[in-house]
Visitor: 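The structure's right below; bear with me while I get my questions together.
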Amino acid sequence: MDNTVKRLLERLVRRIPSRMLKTTLDKWSRLTATQRQSIDYTESKWALTEKLLAICEENELTVKHIAELEMIHVIENPNLGMWHAFQLMDPQDDAHSVELTQFKEQFKSHLSELIRHVSIKIKKHTDEAVWIRIAWGDTFSRPNHLKPTYVVHYLQTPYVFLSSLTSKQKPLLSQALVLSTRYQAIKDANLSGRKLTAIRDLLMKQYLQVFPTKFPSPLAERNRVVSNLHIEKEQAGSAANRHQMACEAFGDGLLPQLQSAVYKLETKFRDHTNKTMTERDEPFRCVVKFASTNLLESLRHSASSGVASTPVTPLLSSVPLKGKNYFVITDNGPGPSSQMKPSQK
């Protein structure tokens, strides 16, 4: 058996929890019913690996077959690894008519023309997502199946999600995607996270959004004077108003479990008491990162409970509004990743 097959299978068995291994192997359909029944899932990972290696050798399975097994595991567990969102730009007239068979043929053809040794596997998931596994090689070496790139694209939409892509591979993949989807260009959406479902739902607005209603405007809340005779009534109204504005900014119900937001500040230092910093030609640079197991839920709760002021600052509300979690804030208008200025803090 090829050494790459052994290494890939060994690593895969280590990654898949024992309780999930049986289900994953059943979906693989490369083993006979008798072979699946012969596997004792209560054994150690080492023993399971040795058993599977023997079966794979008996069935003369290749690295492409093991790659299929890995792909099944990744598709069933999309919230693993780090995912980066991209957006296709300037669709051609026939972009919305591209169907799966056409896309598969075009993508494989274009990428194979750009790089000599590459292994491509494409599979459509039940939620209409097209999953692509790419093992990269180069002019002289075979594809490295131990370090594949995963691509998720929803046909008829401009959104693409990538995992494990190097800067060297990025232009090749970008060109193949643009040509096969009938778009003119592709850009970084400045949205990333470890939960594919979270960044997908945020970018594609697949969560419950709230729009302004009859509640008082932010200015009305800011200028309200509470009467001593109606404290409880006024406090209840204020709480309801805060909750409304928090939901308008971040959404209602279950929110995408985004885990972080990063703000890169590149502005002039402003402090008349510190001439050394204020008179510098170079901009003042710093990075602020908000992190949580569910950032949008945390921000919504902070605004709703009164911990954070309302109306919600655009620095925070722009995360769901723009579908981004990476911003560059500059003095002279929008930076490469932002539409905000310091005056909006």
Side-chain angles (χ1 to χ4, degrees), residues 4 7-8 11-17 20 24 27 63-64 66-88 103-104 107-108 110-111 114-115 118-138 143-155 157-178 180-181 183 186-204 206 256-262 291 293 295 323-326 337:
T4 302
R7 291 177 61 192
L8 185 58
R11 191 180 68 170
L12 192 54
V13 173
R14 287 198 303 268
R15 286 172 54 187
I16 302 176
M20 299 173 57
T24 306
K27 292 179 180 179
V63 68
K64 291 186 177 181
I66 309 303
E68 290 177 3
L69 179 62
E70 181 197 84
M71 198 170 186
I72 292 171
H73 172 64
V74 175
I75 292 175
E76 293 297 319
N77 299 272
N79 296 329
L80 300 174
M82 179 61 72
W83 293 90
H84 300 269
F86 288 79
Q87 186 169 355
L88 295 160
F103 171 78
K104 289 172 65 174
F107 182 82
K108 289 182 177 181
H110 289 307
L111 193 56
L114 295 171
I115 184 168
V118 64
S119 176
I120 307 166
K121 175 68 177 177
I122 300 178
K123 182 179 179 65
K124 189 175 183 181
H125 192 37
T126 53
D127 67 350
E128 300 302 314
V130 178
W131 283 75
I132 309 171
R133 182 188 189 274
I134 306 170
W136 302 88
D138 55 34
N144 184 359
H145 284 275
L146 298 175
K147 294 182 179 180
T149 293
Y150 274 91
V151 182
V152 180
H153 172 52
Y154 289 80
L155 291 177
T157 79
Y159 305 117
V160 180
F161 306 92
L162 310 176
S163 180
S164 303
L165 182 69
T166 68
S167 57
K168 181 180 178 181
Q169 299 157 355
K170 184 177 178 180
L172 303 175
L173 178 58
S174 297
Q175 185 173 341
L177 283 169
V178 166
S180 57
T181 56
Y183 280 78
I186 187 171
K187 71 171 185 177
D188 192 333
N190 295 307
L191 177 64
S192 61
R194 293 193 172 277
K195 289 183 177 290
L196 172 62
T197 52
I199 64 173
R200 177 203 65 194
D201 292 349
L202 186 64
L203 191 61
M204 299 174 67
Q206 294 181 349
Q257 293 186 14
L258 196 66
Q259 296 172 313
S260 67
V262 176
T293 54
L295 181 64
K324 299 180 179 181
N325 66 346
Y326 180 83
S337 303

Visitor: Just jot down the ring pair (Phe, Tyr, Trp, His ring centres under 6.0 Å) partners of Trp83, sequence neighbours excluded, or say none.
Guide: Trp131
Visitor: When rounded to the nearest 0.5 angstrom, what distance separates OG1 in Thr293 from CD in Gln259?
Guide: 8.0 Å
Visitor: Just verifying a value: how many Å separate Met71 CE and Leu12 CG, rounded to the nearest 0.5 Å?
Guide: 13.0 Å
Visitor: Going from CD1 on Ile134 to CG on Leu172, what distance comes out if it is rounded to the nearest 0.5 angstrom?
Guide: 9.5 Å
Visitor: Does any part of the side chain of Lys121, heavy atoms only, come nearer than 4.5 Å to the side chain of Lys64, both counted from C-beta?
Guide: no
Visitor: Is it the case that more than 12 heavy atoms not belonging to Lys108 sit under 6.0 Å from its NZ atom?
Guide: yes
Visitor: Yes or no on side chain to side chain contact (heavy atoms under 4.5 Å, CB included) for Asn325 and Ser192, after CA distance, side-chain angles and deciding distance?
Guide: CA-CA 7 Å; Asn325 66 346; Ser192 61; 4.1 Å; yes
Visitor: Can you tell me which residue among Val160, Ile122, Ile120 is in a side chain to side chain contact (heavy atoms under 4.5 Å, CB included) with Val151?
Guide: Val160
Visitor: Roughly how far, to the nearest 0.5 Å, is CD of Glu128 from OG1 of Thr157?
Guide: 11.0 Å
Visitor: Flag the pair Lys123 / Lys104 as yes when at least one side-chain heavy-atom distance between them is below 4.5 Å, and no otherwise.
Guide: no
Visitor: Please lay out, stage by stage, how Glu70 and Arg11 fare under the test salt bridge (charged side-chain N to carboxylate O under 4.0 Å, His left out).
Guide: CA-CA 10 Å; Glu70 181 197 84; Arg11 191 180 68 170; 3.6 Å; yes
Visitor: Keeping the roles fixed (side chain from Asn190, backbone from Tyr326), state whether a donor-acceptor pair exists under 3.5 Å.
Guide: no
Visitor: Can you measure from CG (Leu191) to CZ (Phe86) and round to the nearest 0.5 angstrom?
Guide: 10.5 Å
Visitor: Working to the nearest 0.5 angstrom, can you tell me the gap between Arg15 CZ and Asn77 CG?
Guide: 9.0 Å
Visitor: Where is the tightest heavy-atom contact between Gln169 and Thr149, given as atom of each residue plus distance?
Guide: OE1-OG1, 3.5 Å
Visitor: Answer whether the closest heavy-atom distance between the side chains of Trp136 and Leu165 falls below 4.5 Å.
Guide: yes
Visitor: Using ring pair (Phe, Tyr, Trp, His ring centres under 6.0 Å) as the criterion, list what pairs up with Phe103, not counting sequence neighbours.
Guide: Phe107, His153
Visitor: Hey, can you pull the donor-acceptor pairs under 3.5 Å for the side chains in residues 193-204, sequence neighbours left out?
Guide:
unit_1 : atom_1 : unit_2 : atom_2 : d
Thr197 : OG1    : Asn79  : OD1    : 3.1
Thr197 : OG1    : Asn79  : ND2    : 3.4
Arg200 : NH1    : Tyr154 : OH     : 3.2

Visitor: Taking all heavy atoms of Ile72 and all of Lys27, pick out the closest pair and write down the distance.
Guide: CD1-O, 3.7 Å
Visitor: Can any side-chain N or O of Arg133 pair as donor or acceptor with the backbone N or O of His145 at less than 3.5 Å?
Guide: yes
